[in-house]
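Presented below is the structure to which this report refers.
Since the structure is predicted, the reported quantities are computational estimates derived from the model, not experimental observations.
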Amino acid sequence: MHVNKRILKDVLDSFLVFLVAVILFIGAIALMCVFGGEVMRVFGFQYSSLRSVIEFFVIGAIISWPVSLAAEAIPKVLCYDKRMIPKWMAVIMYVVLATFATALGLFAVDSHTTKVVANQPSIIVVSFLLALFNSYSIIVRRPENT
């Protein structure tokens, strides 16, 4: 069987690009988890290892994802599609709803894990900070195709 060298080179190049993208994505997630863990440590957050912190935030993000989609969609619809509220009110609404959505997921993970101990203030503060950082990209700077 004859294998075209150009096709093989393209496949290997694509695989390497995919591998680098996966490594960068995992690194970015790990940095966000460590940042969130250090912010929460001020409020009494305790964990046994870096792996447990990453698992805590990743599982919390997966659990809160459906509610976060609604938290993102409601202000966008009310502000841009229906034009019922101004942009500043949409930002406030998004921050409140996204804080609730993220905190919901993190509370659920905290209640079922023993490797991580988080109290209510730490979960609420890190949820608020994540919502505040995301509000610019989701509401304030509206993409053209939404």
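We find the CG-CG distance between D13 and L8 to be 9.5 Å, quoted to the nearest 0.5 Å. Rounding to the nearest 0.5 Å gives a distance of 7.5 Å between CE of M89 and CE of M93. Distance CG/L19 to CD1/I23: 4.0 Å, rounded to 0.5 Å. In this structure, the separation between CD1 on I26 and CG on L31 is 12.5 Å, given to the nearest 0.5 Å. Here CG of N134 is found 11.0 Å from CG of L129. Values are rounded to the nearest 0.5 Å.
Checked by atom type and distance alone, the side chain of S64 never pairs as donor or acceptor with a backbone atom of G105 at under 3.5 Å.
Residue S52 comes nearest to V116 through the heavy atom pair O-CG2, 3.6 Å, listed as atom of the first residue, atom of the second, then distance. Closest of all the heavy-atom pairs between A118 and D110 is O-OD2, 2.9 Å. Summarising the geometry of L106 relative to G60, their closest heavy-atom pair is CD2-CA, 4.1 Å, with the distance given to 0.1 Å. Counting all heavy atoms, side chain and backbone alike, E72 lies closest to P75 at O-CD, 3.7 Å.
Hydrophobic clustering, with ILVMFWY side chains joined whenever heavy atoms are under 4.5 angstrom apart, groups I54 together with F25. In the hydrophobic clustering of this structure, I85 groups with I92; members are Ile, Leu, Val, Met, Phe, Trp, Tyr whose side-chain heavy atoms approach within less than 4.5 Å, directly or through other members. No chain of hydrophobic side-chain contacts below 4.5 Å, direct or via other Ile, Leu, Val, Met, Phe, Trp or Tyr residues, connects I123 to L104. Residues I63 and I124 are members of one and the same hydrophobic cluster, defined by side-chain heavy-atom contacts under 4.5 angstrom among Ile, Leu, Val, Met, Phe, Trp and Tyr. The hydrophobic clustering, which links ILVMFWY residues whose side-chain heavy atoms are closer than 4.5 Å, places V109 and V126 together.
With a 4.5 Å cut-off on side-chain heavy atoms, I74 and L78 count as touching. Taking the side chain as every heavy atom from C-beta outward, Y94 and K76 never approach each other to under 4.5 Å.
Legend: ring pair (Phe, Tyr, Trp, His ring centres under 6.0 Å) pairs involving residues 50-72, not counting sequence neighbours, sorted by first then second residue: F45-F56.
Around atom CZ of F100, no more than 12 heavy atoms belonging to other residues, nucleotides or ligands sit under 6.0 Å away.
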